[in-house]
*Asks:* 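The following block contains the structure, expressed as structure tokens.
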Number of protein chains: 2
Amino acid sequence: MKLSRHSDYALRAMIQLATSGDELVSIRHIAQTYGISHNHLMKIAQGLGRAGFIEPVRGRHGGLRLARPASEISLGALVRHTEGEDSLVDCTGCLIAPACGLPDVLAEAMQAFLAVLDGYRLSDIANRSHMLRALFDIPTSAGPSQNAADPVQCPAD
Amino acid sequence: MKLSRHSDYALRAMIQLATSGDELVSIRHIAQTYGISHNHLMKIAQGLGRAGFIEPVRGRHGGLRLARPASEISLGALVRHTEGEDSLVDCTGCLIAPACGLPDVLAEAMQAFLAVLDGYRLSDIANRSHMLRALFDIPTSAGPSQNAADPVQCPAD
DNA sequence: ACATTAGATGTATTCCATTTGAATGTATAG
DNA sequence: CTATACATTCAAATGGAATACATCTAATGT
Ligand code: SF4
Ligand code: SF4
């Protein structure tokens, strides 16, 4: 009973996009932020784009941005998309399938689970707080970060 | 977001035990009923025994039976045991872990999920109905089943 | 035009957890 | 004592997720 990494990566990307406001953020940048697979995240971004959660911009200086304000994106819808809405059990071949009451109960429990998530929006977990902005190293508005630990694009690279 | 087969197998065993009343049912028999791995089910039975859901009886003519009436066994407790109560996501190494609000939301959703299961007992999904008893081929009280499709322990085996 | 960047898509490989299998020990009824 | 059935441990196999690789399309600056 775990959320797939696929789902969490999607959430991570959405959080970063929400915190970045209207700025375009490249998939490569997000992948580097979390230290996760660039290719994997790319496929996740495809899915998010097709589902209408994000708006991809191609070409040089392209990137991703939220398709709607974070306050209008439901966590339930996101998880429904990334996890799929299929049943929690696969009863094919089970002897007692015709008489088993378990699938109904599990479906009800799953609905309750998603109902809670439906009560939250992306903006609830990704407010554009200083803390998140600092973690993402997003300049607030007074120029780039002066963080000493910042690699700062070594020119001799 | 699927229930592990481990959990479903545990539920299957519990359903069969509930339907079998006070009779001892061997692990081998349950495994054959569902056509699943004997070894795997044995480990699941160990866990159920240690958790106090079932009462194992060793030795010749041994087997398993419910430790308590099916009406006193909560599905929530069962799933909590088989799935473990650990978090849905592993945040170790995630950059934004200190500022992320997602784990709290997921925990709340999980609680709602389990709350629904807590509202059901084993007896709710495994009533000793004729249908289940027939599927398990349990004699009602008037001698063994005369089902033509029954293999009936070929003596020449 | 052309090169460069960045997303889109498909395939293949690697990785890991779950599941299964096998072997051995322990307990009990007969 | 022996046959049966649960207990425990370890090794192998399976399957799905995650990653890597390759190629294409689209936008943009030069
Ligand atoms: S036991 Fe009930 S839920 Fe589990 S597989 Fe068989 S039918 Fe489906
Ligand atoms: S994003 Fe939030 S939930 Fe997902 S791993 Fe990072 S901290 Fe944990």
*Asks:* With sequence neighbours left out, write down each residue that passes salt bridge (charged side-chain N to carboxylate O under 4.0 Å, His left out) with B/D90, or none if nothing qualifies.
*Replies:* none
*Asks:* What nucleotide, of C/dT9, C/dT19, C/dT28, holds the atom closest to the side chain of B/H6?
*Replies:*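 Between C/dT9, C/dT19, C/dT28, the one nearest the side chain of B/H6 would be C/dT19.
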*Asks:* In whole Å, what is the span from the CE atom of B/M1 to the C1' atom of D/dG16?
*Replies:* 18 Å
*Asks:* Can you see if the side chain of A/Q46 gets near the phosphate of C/dG7 - specifically, an N or O under 4.0 Å from OP1 or OP2?
*Replies:* no
*Asks:* Grab the NE2-C1' distance between A/H40 and D/dA20 for me, whole Å please.
*Replies:*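 Rounded to whole Å, this separation is 12 Å.
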*Asks:* Under the salt bridge (charged side-chain N to carboxylate O under 4.0 Å, His left out) test, which residues partner B/R65, sequence neighbours left out?
*Replies:* B/E55
*Asks:* When you get a sec, tell me which of C/dT19, C/dT9, D/dA7 is the closest nucleotide to the side chain of A/M42?
*Replies:* C/dT9
*Asks:* What is the distance from CG of A/L3 to P of D/dA18, rounded to the nearest Å?
*Replies:*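 From A/L3 CG to D/dA18 P: 10 Å.
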*Asks:* Mind calculating the distance between CG (B/N39) and C1' (D/dA5) to the nearest angstrom?
*Replies:* 13 Å
*Asks:* Using heavy-atom distances to pick each residue's nearest nucleotide on DNA chain C, tell me which of A/R50 and A/R60 is more 5'.
*Replies:* A/R60
*Asks:* Output the rounded distance in Å from CG (A/L41) to C1' (D/dA17).
*Replies:* 15 Å
*Asks:* What nucleic acid atoms does B/G63 come within less than 4.0 Å of, heavy atoms only: base, sugar-phosphate, or nothing?
*Replies:*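 Counting heavy atoms under 4.0 Å across all strands, the contact made by B/G63 is with sugar-phosphate only.
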*Asks:* Please name the pair of heavy atoms, one in A/A126 and one in A/L132, separated by the smallest distance, quoted to 0.1 Å.
*Replies:*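 Reported closest heavy-atom pair: CA-CD1, 4.0 Å.
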*Asks:* Side chain of B/R58, heavy atoms from C-beta onward: which of D/dG29, D/dT8, C/dG25 has the nearest atom to it?
*Replies:*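 It is C/dG25.
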*Asks:* Thinking salt bridges, do A/D8 and A/R5 make one under a 4.0 Å N-O criterion?
*Replies:*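 A salt bridge is absent here (no side-chain N lies under 4.0 Å from a carboxylate O).
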*Asks:* Using whole Å, report how far CG of B/L48 lies from C1' of D/dT8.
*Replies:* 16 Å
*Asks:* State, to 0.1 Å, how close A/G52 and A/R68 come at their nearest heavy-atom pair, and which atoms those are.
*Replies:* O-NH2, 3.9 Å
*Asks:* Heavy atoms within less than 4.0 Å of DNA chain D: which residues of residues 9-38 of chain B have one? Give them sorted by number.
*Replies:*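 Correct list: B/S26, B/I27.
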*Asks:* Is there, by distance only and without an angle test, a donor paired with an acceptor across the side chain of A/K43 and the base of C/dT11 below 3.5 Å?
*Replies:* yes
*Asks:* So, A/S71 and A/S123: side-chain donor and acceptor under 3.5 Å apart, yes or no?
*Replies:* no
*Asks:* Round to a whole Å and report the spacing from NZ of A/K2 to C1' of D/dA17.
*Replies:*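 My rounded result for the distance is 11 Å.
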*Asks:* Taking the side chain of A/L64 as heavy atoms from C-beta outward, which of C/dG7, D/dA20, D/dT4 is closest to it?
*Replies:*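 The answer is C/dG7.
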*Asks:* Can you tell me the distance, in whole Å, between the CG atom of B/D8 and the C1' atom of C/dT19?
*Replies:* 14 Å
*Asks:* Quick one: closest heavy-atom pair of B/M1 and A/L88, and the distance?
*Replies:*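 B/M1 and A/L88 have their closest heavy atoms at O-CG, 3.9 Å.
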*Asks:* Look at all strands and tell whether B/G62 reaches a base, only sugar-phosphate, or nothing, counting heavy atoms closer than 4.0 Å.
*Replies:*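 Touches sugar-phosphate only.
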*Asks:* May I ask you to evaluate whether A/H61 reaches the phosphate of C/dT5, defined as a side-chain N or O under 4.0 Å from OP1 or OP2?
*Replies:* no
